[in-house]
Amino acid sequence: MSFFKRIALAAAVVVMAAGAAEAKDWTVVRMGTEGAYPPFNYIDSNGELKGFDIDIGKALCEAMKVKCEWVTQDWDGIIPALQAGKFDTIIASMSITDERMKQIDFSNKYYNSPPAIVTPKDTKMTGATADDMKGAVIGAQTSTTHSQMIEKHFPGAELKLYPTAEELQLDLENGRLDGAIDDVIVIKDWLKTDAGACCKVLSTLTPDPEIYGPGAGIGVRKEDADLKEMLNKAIDQIRADGTYKKINDAYFDFDVYGG
């Protein structure tokens with residue numbers, strides 16, 4: 001073997017070794033979530049993470065035969081934190097959108113529910129058209145598809161942004177907003193509380209597919225295609241074996257997976 005062939009072979013071995021060192025066997029998957037979006041993800045009175053997202057994440061980990069580790073992260077920084085390696089997935093009711101897919105990748109959807117407008121019970125608004133909401137102060141959580149929906153389809157409304165759904169709900173309860181937009185399930189869950197007694201669902205909205213995409217998916221780094229494939233297979237598995245339905249029925253009286 002010539003000197004140059006020996007050098008090339010040695011270089012190939014080094015590259016292969018480096019690739020093997022970087023390969024992930026996914027015995028542990030760190031699941032990132034917000035922990036402030038009931039009933040999908042929240043921290044209960046005992047300081048434990050609960051919610052539909054959490055139960056689905058645990059079921060997926062079991063199907064993938066990996067250990068789940070949970071990390072909470074403020075919504076605003078959740079994509080940068082995934083990219084920085086703070087956790088391996090985002091399971092936080094995040095819609096699969098073209099804009100987000102420029103930064104990260106997604107599993108297939110694991111649920112899909114529409115947005116809605118919630119208002120004080122004594123609202124003078126009779127509907128949720130662009131004309132109805134012209135001049136109204138409408139709240140939304142920042143960096144969400146819901147805020148984009150208001151910007152695009154209700155340009156006459158004044159959009160007020162909040163870092164969390166809880167802060168948004170507090171201002172609505174205290175009369176500082178004419179209305180708010182959020183997932184209809186989140187709104188209905190809040191309306192069952194004492195704080196939500198102030199308000200009502202004015203109308204559900206038809207999701208703009210260019211904004212909302214096909215539904216909520218699990219975010220992964222673009223380089224983790226193997227993890228994405230594992231998640232997709234696990235979603236199919238829990239849908240087929242009844243695990244998904246059992247979790248679904250603990251929270252909702254309809255199939256939140258959607259059509």
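Judged by distance alone, the side chain of D74 and the main-chain N or O of D76 form no donor-acceptor pair under 3.5 Å. Here the side chain of R30 pairs a donor or acceptor atom with the backbone of G85 at under 3.5 angstrom. T123 contributes a side-chain N or O that, together with a main-chain N or O of M125, makes up a donor-acceptor pair within less than 3.5 Å.
Here the rule is side chain to side chain contact (heavy atoms under 4.5 Å, CB included) with I117, and of D132, I150, T204, V201 only I150 fits it.
Under a 4.0 Å N-O distance rule, the pair K160/E158 does not qualify as a salt bridge. Using a cut-off of 4.0 Å between Lys/Arg side-chain N and Asp/Glu carboxylate O, K58 and D53 are scored as not salt-bridged. A salt bridge between E99 and K102 is present, with a side-chain N of the basic residue lying under 4.0 Å from a carboxylate O of the acidic one.
Other residues, nucleotides and ligands place more than 12 heavy atoms under 6.0 Å from the CD atom of E173. Sparse packing is recorded around NZ of K246, with 12 or fewer heavy atoms of other residues, nucleotides or ligands lying under 6.0 Å away.
Note that CD of Q237 and OG1 of T243 are 7.5 Å apart. Values are rounded to the nearest 0.5 Å. How far OH of Y42 is from CD of E34: 14.5 Å, rounded to the nearest 0.5 Å. In this structure, C68 SG and L60 CG are separated by 8.0 Å, a value rounded to the nearest 0.5 Å.
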Give every donor-acceptor pair under 3.5 Å between a side-chain atom in residues 211-222 and any protein atom, sequence neighbours left out.
residue: Y212; atom: OH; partner: H146; partner atom: ND1; Å: 2.9
residue: R221; atom: NE; partner: D224; partner atom: OD2; Å: 3.2
residue: R221; atom: NH1; partner: L82; partner atom: O; Å: 2.8
residue: R221; atom: NH1; partner: F87; partner atom: O; Å: 2.6
residue: R221; atom: NH2; partner: D88; partner atom: OD1; Å: 2.9
residue: R221; atom: NH2; partner: D224; partner atom: OD2; Å: 3.3
residue: K222; atom: NZ; partner: M101; partner atom: O; Å: 2.6

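Looking only at side-chain heavy atoms (C-beta outward), C199 and L191 come within less than 4.5 Å of each other. Contact of the D183 side chain with the F40 side chain is registered, since non-hydrogen atoms from C-beta on lie closer than 4.5 Å.
The aromatic rings of Y244 and F52 stand perpendicular to each other, their planes meeting at an angle above 60°, with 30° marking the opposite boundary. Using cut-offs of 30° and 60° for the angle between ring planes, the F254 and F252 rings count as tilted.
Both tests pass for R239 against the ring of Y257: distance under 6.0 Å to the centre and angle within 45° of the axis.
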